[in-house]
Amino acid sequence: MKIYKLIVTAIIILGFTAGCKKKSDTPTSESTDSLKIKYTALLDSVNATWNVMIADDDEKHMLMKRLLLEVSYTNNYDKEKFAVLNGQIDLLNAMRYDQKSMQSSALIDSYDSATWAVTDNVILFARNHPRYQDIPLMEELINDINEKNSFVLIHRIHYDTSVKELNAFLEAYGESARAILPAIEEGPMPLFELPS
């Protein structure tokens with residue numbers, strides 16, 4: 001009788017263990033939903049931080065254009081230089097990286113260098129105007145532009161933090177997640193932070 005009980009107990013334990021193993025290997029509808037929710041939340045976080053960063057960059061370009069406009073209101077300025085600087089601001093939008101092309105650190109460096117050069121030239125153009133001291137709005141706009149520049153690194157750190165979380169998820173659940181969401185990212189998304 002004791003042997004019979006031991007055999008029955010062993011069969012139940014083996015059956016339970018096999019059942020548990022089967023459950024962990026095959027995602028249930030609950031784990032499928034959980035993966036979808038987690039991936040969507042992480043991707044939303046990445047896109048939200050990206051959009052904030054790009055909106056801030058766009059606003060900086062708008063502030064530079066507004067500063068040039070203030071200079072033009074004086075009707076005493078170098079019209080050729082004004083046109084060149086306006087064109088350079090427009091070019092910044094065209095050369096800016098996106099979430100894929102930022103994989104090239106050279107592209108980011110090129111954009112950053114161009115942005116700093118154009119910003120410096122626009123500010124210098126305004127400050128060299130003979131009526132600069134009479135128009136306080138010019139100094140306010142310059143302060144706003146400089147403030148936007150000071151946020152660039154902070155935005156990039158926030159973005160990288162979000163991307164690292166998404167990349168960690170993809171590394172941990174990549175195959176399972178791709179089976180559920182075919183449009184999921186194939187590999188890790190690029191970071192601003194250079195690999196160590």
Side-chain angles (χ1 to χ4, degrees), residues 32 34-69 80-126 141-196:
T32 297
S34 175
L35 284 176
K36 281 182 183 176
I37 290 165
K38 181 72 172 166
Y39 174 74
T40 303
L42 290 169
L43 190 60
D44 285 349
S45 174
V46 167
N47 289 332
T49 53
W50 176 267
N51 290 337
V52 167
M53 179 177 63
I54 296 302
D56 220 37
D57 207 40
D58 285 341
E59 194 174 341
K60 178 170 62 183
H61 297 171
M62 182 273 296
L63 288 166
M64 287 194 280
K65 289 232 174 202
R66 183 73 178 86
L67 181 57
L68 290 177
L69 207 57
E80 189 177 327
K81 181 75 172 170
F82 173 87
V84 167
L85 290 171
N86 253 312
Q88 287 176 348
I89 296 168
D90 292 335
L91 279 174
L92 290 177
N93 286 324
M95 70 183 295
R96 185 167 56 201
Y97 48 82
D98 59 31
Q99 284 172 292
K100 301 285 186 192
S101 66
M102 65 173 276
Q103 191 157 11
S104 165
S105 59
L107 185 60
I108 297 170
D109 291 345
S110 174
Y111 177 76
D112 287 349
S113 296
T115 301
W116 283 107
V118 173
T119 303
D120 288 347
N121 289 337
V122 168
I123 290 172
L124 193 62
F125 182 68
L141 289 166
I142 288 170
N143 289 338
D144 290 343
I145 291 164
N146 287 330
E147 186 179 34
K148 294 293 179 192
N149 278 332
S150 72
F151 288 150
V152 170
L153 183 60
I154 294 164
H155 286 315
R156 289 180 180 181
I157 289 169
H158 288 164
Y159 180 74
D160 277 0
T161 300
S162 297
V163 171
K164 283 176 184 176
E165 288 176 10
L166 178 62
N167 287 346
F169 170 84
L170 292 174
E171 192 175 341
Y173 302 103
E175 280 185 35
S176 302
R178 281 185 198 93
I180 300 159
L181 301 158
I184 205 165
E185 290 289 333
E186 276 303 314
M189 292 182 74
L191 301 166
F192 285 102
E193 180 184 296
L194 292 172
S196 51

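Between the side chain of Thr49 and the backbone N or O of Ser45, at least one donor-acceptor pair lies under 3.5 Å. Ser150 places a side-chain N or O within donor-acceptor distance of the main-chain N or O of Glu147, the cut-off being under 3.5 Å.
Across every non-hydrogen atom of Ala126 and Ile142, the tightest pair is CB-CD1, 4.5 Å. What you find for Pro188 and Asn167 is that their closest heavy atoms are CA-OD1, 3.3 Å. Heavy-atom minimum distance, Asp160 versus Glu193: OD2-N, 2.8 Å. Nearest heavy-atom pair across Arg96 and Asp58 is NH2-OD1, 2.8 Å. Looking at every heavy atom in both residues, Leu69 comes nearest to Phe82 through N-CE1, 4.2 Å. Counting all heavy atoms, side chain and backbone alike, Leu194 lies closest to Ser105 at CD2-CB, 3.8 Å.
Residues Gln99 and Asn47 are in side-chain contact: their nearest non-hydrogen atoms beyond the backbone lie under 4.5 Å apart. Looking only at side-chain heavy atoms (C-beta outward), Val52 and His158 stay at 4.5 Å or farther from each other. Proximity of Asn93 to Asp57: side-chain heavy atoms (C-beta onward) are nowhere separated by under 4.5 Å. Residues Tyr39 and Leu166 have side chains in contact (heavy-atom distance under 4.5 Å, counting atoms from C-beta outward). Side-chain contact between Val118 and Leu91 is absent, with no heavy-atom pair separated by less than 4.5 Å.
Here the CG-CD distance, from Leu68 to Gln88, works out to 10.0 Å after rounding to the nearest 0.5 Å. Taken to the nearest 0.5 Å, the NE2 atom of His155 stands 14.0 Å off from the OH atom of Tyr159. Taking CG of Leu85 as the start and CG of Leu124 as the end, the distance is 9.5 Å to the nearest 0.5 Å. Once rounded to the nearest 0.5 Å, the distance linking CD of Glu59 with CD1 of Ile145 reads 10.5 Å. The distance from atom CG of Asp144 to atom CZ of Arg66, rounded to the nearest 0.5 Å, is 11.0 Å. Interatomic distance, His61 NE2 to Asp56 CG, rounded to the nearest 0.5 Å: 10.5 Å.
Ring geometry for Trp50 versus Tyr97: interplanar angle over 60°, hence perpendicular rather than tilted (30 to 60°).
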Problem - side chain to side chain contact (heavy atoms under 4.5 Å, CB included) between Val152 and Trp116, intermediate numbers included - result: CA-CA 12 Å; Val152 170; Trp116 283 107; over 6 Å; no
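Crowding of Tyr173 atom OH: a count of heavy atoms from other residues, nucleotides or ligands under 6.0 Å not exceeding 12. More than 12 heavy atoms of other residues, nucleotides or ligands lie within 6.0 Å of NZ in Lys65, so this atom counts as buried by the packing criterion.
Among Arg156, Lys164, Gln103, the single residue meeting the side-chain contact (heavy atoms from CB on, under 4.5 Å) criterion with Leu191 is Lys164.
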